[in-house]
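Working notes for the structure below.
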Amino acid sequence: MFSKRAKAPKPTREDKKDRRIPLSKYARGGRISSTIGLCNLALMSLTITMTVMENGKSGMYIGIIVILIFISALMGFIIGIRSFTEENKFYRFSYIGTILNAIIWISIILIYIAYI
């Protein structure tokens, strides 16, 4: 009535090696995006510190630095998004760089909106 089914053979070590995706390195764009994000974070903390030390009366040079941080954060975000298209790479730095640049970019927009 019920026939015995043949069991599938256990996968061997060679079979597991064949199924593994050959991940080589971290995505290049992710590393670049993370580096840009860390530089932006350092510059942002420097500008905030300088503004607090001068009681909010910092000159035009702080505004220029913040505009440059805004532009580079946007570029880092775009580079981070594009790095997800690289195949067979680890995406840890892509996530870190993309999120860090997005947070910096959004915080600059919120600071600008708060003081208009």
Side-chain angles (χ1 to χ4, degrees):
M1 187 162 167
F2 294 105
S3 63
K4 292 186 178 181
R5 292 185 187 174
K7 292 184 178 179
K10 282 188 168 182
T12 61
R13 199 171 259 230
E14 289 80 23
D15 292 336
K16 288 182 182 180
K17 286 182 183 177
D18 292 339
R19 287 188 292 168
R20 189 178 306 163
I21 297 173
L23 296 173
S24 54
K25 297 179 183 177
Y26 290 103
R28 183 172 182 253
R31 289 182 290 170
I32 293 171
S33 177
S34 295
T35 305
I36 291 173
L38 289 175
C39 291
N40 287 337
L41 189 64
L43 283 173
M44 193 70 176
S45 64
L46 178 71
T47 56
I48 289 171
T49 303
M50 290 174 67
T51 303
V52 169
M53 289 176 66
E54 295 179 12
N55 295 326
K57 296 182 180 180
S58 54
M60 186 171 38
Y61 57 92
I62 296 293
I64 292 171
I65 293 172
V66 171
I67 289 172
L68 292 175
I69 293 170
F70 181 78
I71 292 169
S72 66
L74 183 61
M75 288 175 23
F77 180 76
I78 292 171
I79 291 170
I81 292 293
R82 286 188 180 173
S83 69
F84 288 110
T85 60
E86 298 179 29
E87 293 182 3
N88 296 333
K89 300 285 183 176
F90 291 113
Y91 297 122
R92 177 180 295 153
F93 290 121
S94 299
Y95 286 117
I96 293 170
T98 303
I99 291 170
L100 186 61
N101 283 309
I103 289 171
I104 291 170
W105 192 66
I106 290 170
S107 67
I108 290 174
I109 290 175
L110 291 177
I111 290 170
Y112 179 73
I113 290 173
Y115 288 103
I116 286 185

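In this text, all values refer to a predicted model and were calculated from it rather than measured experimentally. Along the sequence shown, residues carry numbers from 1.
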Does one hydrophobic cluster hold both Y115 and I113, with members joined at side-chain heavy-atom distances below 4.5 Å? yes

When clusters are formed by joining ILVMFWY residues with side-chain heavy atoms under 4.5 Å apart, either directly or through shared neighbours, do I71 and Y112 land in the same one? no

Could you pull out all donor-acceptor pairs under 3.5 Å where a side-chain atom in residues 53-66 meets a protein atom, sequence neighbours excluded?
residue: E54; atom: OE1; partner: Y61; partner atom: OH; Å: 3.4
residue: E54; atom: OE2; partner: Y61; partner atom: OH; Å: 2.9

Interatomic spacing from [atom1] in [X] to [atom2] in [Y] - rounded to 0.5 Å:
{"X": "I32", "Y": "I79", "atom1": "CD1", "atom2": "CD1", "result": "6.0 Å"}
{"X": "I48", "Y": "I111", "atom1": "CD1", "atom2": "CD1", "result": "5.0 Å"}
{"X": "S83", "Y": "Y95", "atom1": "OG", "atom2": "OH", "result": "9.5 Å"}
{"X": "L43", "Y": "L38", "atom1": "CG", "atom2": "CG", "result": "11.0 Å"}

Are the side chain of [X] and the backbone N or O of [Y] linked by a donor-acceptor pair below 3.5 Å?
{"X": "S94", "Y": "F84", "answer": "no"}
{"X": "T47", "Y": "M44", "answer": "yes"}
{"X": "S45", "Y": "A42", "answer": "yes"}
{"X": "S33", "Y": "G30", "answer": "no"}

Applying side chain to side chain contact (heavy atoms under 4.5 Å, CB included) to F93 and T35, what does each step give before you reach the verdict? CA-CA 9 Å; F93 290 121; T35 305; over 6 Å; no

Between R28 and E86, what is the shortest heavy-atom contact and its length? N-OE1, 3.2 Å

For Y26 against K89, the heavy-atom pair lying closest together: O-CD, 4.1 Å

Flag side-chain contact, heavy atom, 4.5 Å: F77 against I36: no

Answer yes or no: are there more than 12 heavy-atom neighbours, outside R82 itself, under 6.0 Å from its atom CZ? no

So does Y91 have more than 12 non-hydrogen atoms from other groups sitting under 6.0 Å from OH? yes

Applying the side chain to side chain contact (heavy atoms under 4.5 Å, CB included) test to I103, which of I106, N101, L100, I99 qualifies? I99

